[in-house]
Amino acid sequence: MCCDLKKRFLLLYATQKGQAKAIAEEIWQQAGAHGLEADMHCISEMDKYNLETEKDPVVIVISTTGNGDPPDTARKFVKKIQDTTLPADHFAHLQYGLLGLGDSEYTFFCNGGKTVDRRLQELGAQHFYDTGLADDCVGLELVVDPWIDGLWLALKETFLLQKEKEGMNSVVNAVSGSLSTAPHVVHELNLSSEVQNLKLEDEGVRSSDVLSQKLVDISLVASTRDTEPSLAHSVPPVSHSALNIPALPPEYIEVQFQGTHGENPHLSSLISEGTTFEVPVTKAYQLTREDAIKTALLLELDVADTAFDYQPGDAFYVMCPNNVNEVEELLQILGLSEKGEYFVCVKVKQGTKKKGAAHPQHIPERSTLKFILTWCLEIRAIPKKAFLRALVECTSDAGEKRRLQELCSRQGASDYTRFIRDSNVCLLDLLHAFPSCKPSLNLLIEHLPKLQARSYSVSSSNLYQPGKLWFVFNVVEFPACPARPVSRKGVCTGWLAELVAPLLHPNKNTLDTKGGRPSTEKIPIFARPNNTFHLPADPSVPFMMVGPGTGISPFIGFLQHRQMLREEHTDWEFGETWLFFGCRHQDRDYLFKQLKCFLENGTLTHLKVCFSRDTSTAEVAPPKYVQDVIRLYAKEVARVLLKERGYFYVCGDKKHMADGVSDAVVDILSMEMEADKLEAMKILATLREAKRYLQDVWS
């Protein structure tokens, strides 16, 4: 019944790390089953589409990066639509639906999508489908899957309305405006019945996706004595359900093994963000005691012989490899141990059904297999449902095949969250849990994302230590759990800790910049652009810093820089400086006890510290957390922010600290201004906009 409908819609995606693109590809893939055609493009390819003349519905999938910014691929598009000379009806002809991706751990949740959505509305565009905002903190699929499910009906209703409008326009033209009201009622009734048919038809398409599962013999899946689900095992009702599983993603990569002669590409060819520098690690210090809950390390890099430049507060990226033992284990399971040093040629498969199939930019056209698994692919990535769906076809055991189908199905969504997402399960864990699964190399290249460089805050000043760069980090630990029986360290922090082990001074709690031994170990780094987390341009402006744990890192650079400026410019006026620091135990993880030196020489005006796990015999218990300490200095916080137009910096954990600090500041503003909480929140938002309340946080 829909054969005469206009079936094309424009599908745009703006991605930073590939998530939005993968979701757009899923939409493109499903469109055919609904009798529709998605014309898919990256939003940066503005020569391939034109919203100014677009008559068909537009679907936009857009992620958020950095401090609420649109992804790099959307910057030109956003700049174009934010042109203030555009009239309010510029996009009055446009109908669109938008799916934003973000992480509620960060302040500006889904701000990339919200920015585009808001501006399109301001320019007269109309929603044909409600905006979806998916949260990576709890699982994108919780919003993405139902949003896509509802998209098809919304599109078809839009096409029907367009058809009705065109039909009515032709009638109007034919009778020169003498149309009576009766035909209009008929149109309304016809439209209503057609929409109802669409709903039935759409449900038919969805039900046809149900895996009516040549139903695997339940005895293969569950035994009567097993009542608890696990990664590899399910229980009713999931184990007895017919399943809705995703469509099988088309293969599009071809891998050819060649000889062992040749050279791997330089690491700089793997990034597009700037110049890579391989710099030596000259010193390393363990800042925490051995019995501290977390191990914090400080590394010093020698950047003197490079063009790498930085300001205090900047961040930079470290390019890290996957764990060598995990790479070897993966090669062994795949039966490719003998091929690790062989060069492979990666090409797009001829005749692939994948829309816009292209050679992955992060995969060299020719390199060794071990190089690809070590430097190019995130083998620790949590497998997406599309990957699980592809692994089903590589699994020979019927029970294992069924369980993988469950984990990627709509019915198994909670099991996926519990046993894969929340348990930080990776490909290796899956291959151990499902031993009959033997994926091909091309499948790994198609589904494993790019191995991302890791970002760290600079913890030094070039004025204080020319040619040197400090940074501080906790060695990340992933303890074993039922779904993942092995403990692991973070990909980058684990590698760095192993790399600098010969340089470490166990139990050394203070810094001796003359200590340490020279090292020949080098790490590849590159700058992180667009960082606004810097000292005030005017040194007379006061500022407050909040940095518990390793969140203190950038503020060491701030204080080093301020000390040098004070020594070099004795005639300058310098504003007061506050630092709020917290850790668990004063004697175990007080990372920089020499902060008192900055106090003594006048660089730091006020130092306020707290220790959350230390017991106190005081009659009134001291505050445990930095947000509690801040509340004790409410008048000073209000004075610095409101009267003296100072700056407020927060660095560290988002969920357990930064949100608590912003809540404390809101309460302080509300109390000191005698305003309600909503008004105080608006003031804080204004401070953020003015870049006077700045955060460098992580989840």
| Taking the six-membered ring for Trp, are the ring centroids of Phe316 and Phe471 within less than 6.0 Å of each other? | yes

Tell me the closest heavy-atom pair linking [X] and [Y], and the distance in Å.
X: His534; Y: Pro312; result: CD2-O, 3.4 Å
X: Pro249; Y: Ala386; result: CG-O, 3.7 Å
X: Ile43; Y: Leu12; result: CG1-CD1, 4.2 Å
X: Ile81; Y: Leu123; result: O-CD1, 3.6 Å
X: Ala154; Y: Thr158; result: O-OG1, 2.7 Å
X: Asp676; Y: Ser670; result: C-OG, 3.8 Å

Hey, what's the ring geometry for [X] with [Y], parallel, tilted or perpendicular (30° and 60° as the breaks)?
X: Trp152; Y: His34; answer: parallel
X: Phe555; Y: Phe533; answer: tilted
X: Tyr649; Y: Tyr647; answer: parallel
X: Phe387; Y: His447; answer: parallel
X: Phe77; Y: Tyr49; answer: tilted

Quick one: are [X] and [Y] in side-chain contact, heavy atoms under 4.5 Å?
X: Thr15; Y: Pro71; result: no
X: Phe558; Y: Met545; result: yes
X: Leu11; Y: Val58; result: no
X: Trp495; Y: Ile523; result: yes
X: Ile245; Y: Leu388; result: no
X: Gln29; Y: Pro250; result: yes
X: Leu427; Y: Leu448; result: yes
X: Leu151; Y: Leu99; result: no

When rounded to the nearest 0.5 angstrom, what is the spacing between [atom1] in [X] and [atom2] in [Y]?
X: Asp135; Y: Ser104; atom1: CG; atom2: OG; answer: 3.5 Å
X: Tyr317; Y: Tyr456; atom1: OH; atom2: OH; answer: 12.0 Å
X: Leu133; Y: Leu98; atom1: CG; atom2: CG; answer: 8.0 Å
X: Arg454; Y: Phe473; atom1: CZ; atom2: CZ; answer: 13.0 Å
X: Met40; Y: Phe9; atom1: CE; atom2: CZ; answer: 10.0 Å
X: Leu140; Y: Ser63; atom1: CG; atom2: OG; answer: 10.0 Å

For [X] and [Y], which I'm curious about, is there any donor-acceptor pair between the side chains at under 3.5 Å?
X: Thr374; Y: Asn322; answer: no
X: Gln121; Y: Tyr96; answer: yes
X: Gln627; Y: Asp663; answer: no
X: Ser423; Y: Arg484; answer: no

| Where do Asp83 and Arg119 land on the salt bridge (charged side-chain N to carboxylate O under 4.0 Å, His left out) test, with the steps shown first? | CA-CA 10 Å; Asp83 181 352; Arg119 186 58 180 151; over 6 Å; no

| request: For Lys17, look at atom NZ and say whether over 12 heavy atoms of other residues, nucleotides or ligands are found less than 6.0 Å away. | output: no

For [Y], does its backbone N or O pair with a side-chain atom of [X] as donor and acceptor, under 3.5 Å?
X: Asn111; Y: Gly68; value: yes
X: Thr417; Y: Ala413; value: yes
X: Thr493; Y: Val476; value: yes
X: Arg692; Y: Gly646; value: yes
X: Gln411; Y: Asn244; value: yes
X: Glu45; Y: Asp47; value: no
X: Thr352; Y: Glu251; value: yes
X: Arg389; Y: Pro246; value: yes
X: Gln162; Y: Lys55; value: yes
X: Ser459; Y: Pro554; value: no

Between [X] and [Y] (salt bridge meaning N to carboxylate O under 4.0 Å), is one present in this structure?
X: Lys384; Y: Glu378; answer: no
X: Lys114; Y: Asp117; answer: no
X: Glu141; Y: Arg410; answer: no

| field | Stepwise side chain to side chain contact (heavy atoms under 4.5 Å, CB included) test for Phe648 and Leu687 | value | CA-CA 9 Å; Phe648 199 96; Leu687 292 171; over 6 Å; no

| message | For a side-chain hydrogen bond (donor to acceptor under 3.5 Å, both in side chains) check, start with the C-alpha distance between Glu52 and His93, then their side-chain angles and the critical distance, and finish with the verdict. | response | CA-CA 8 Å; Glu52 275 83 0; His93 61 285; over 6 Å; no

| request: Establish, yes or no, whether the cationic atom of Lys385 lies under 6.0 Å from the six-membered ring centre of Tyr416 and within 45° of the ring axis. | output: yes

| request: Tell me, with the steps shown, if Gln695 and Arg688 meet side chain to side chain contact (heavy atoms under 4.5 Å, CB included). | output: CA-CA 9 Å; Gln695 292 189 137; Arg688 291 185 197 272; 3.5 Å; yes

| Passes side chain to side chain contact (heavy atoms under 4.5 Å, CB included), Leu669 versus Met681? Steps please. | CA-CA 8 Å; Leu669 294 175; Met681 291 172 72; over 6 Å; no

| task | Report the C-alpha distance between Thr686 and Tyr693 in whole Å, list the side-chain angles of each, state the deciding distance to 0.1 Å, and finish with yes or no for side-chain hydrogen bond (donor to acceptor under 3.5 Å, both in side chains). | result | CA-CA 9 Å; Thr686 303; Tyr693 188 98; over 6 Å; no

| request: Check step by step if side-chain hydrogen bond (donor to acceptor under 3.5 Å, both in side chains) holds for Glu26 and Gln30. | output: CA-CA 6 Å; Glu26 174 71 16; Gln30 289 189 30; 2.6 Å; yes

| query | Between Asp69 and Thr64, does a side-chain hydrogen bond (donor to acceptor under 3.5 Å, both in side chains) hold up when you go through it step by step? | reply | CA-CA 6 Å; Asp69 302 316; Thr64 297; over 6 Å; no

| message | Let's go through Gln361 and Lys450 carefully: what are the C-alpha distance in whole Å and the side-chain angles of both, what is the deciding distance for side chain to side chain contact (heavy atoms under 4.5 Å, CB included) to 0.1 Å, and is it a yes or a no? | response | CA-CA 9 Å; Gln361 292 184 348; Lys450 175 185 178 181; over 6 Å; no

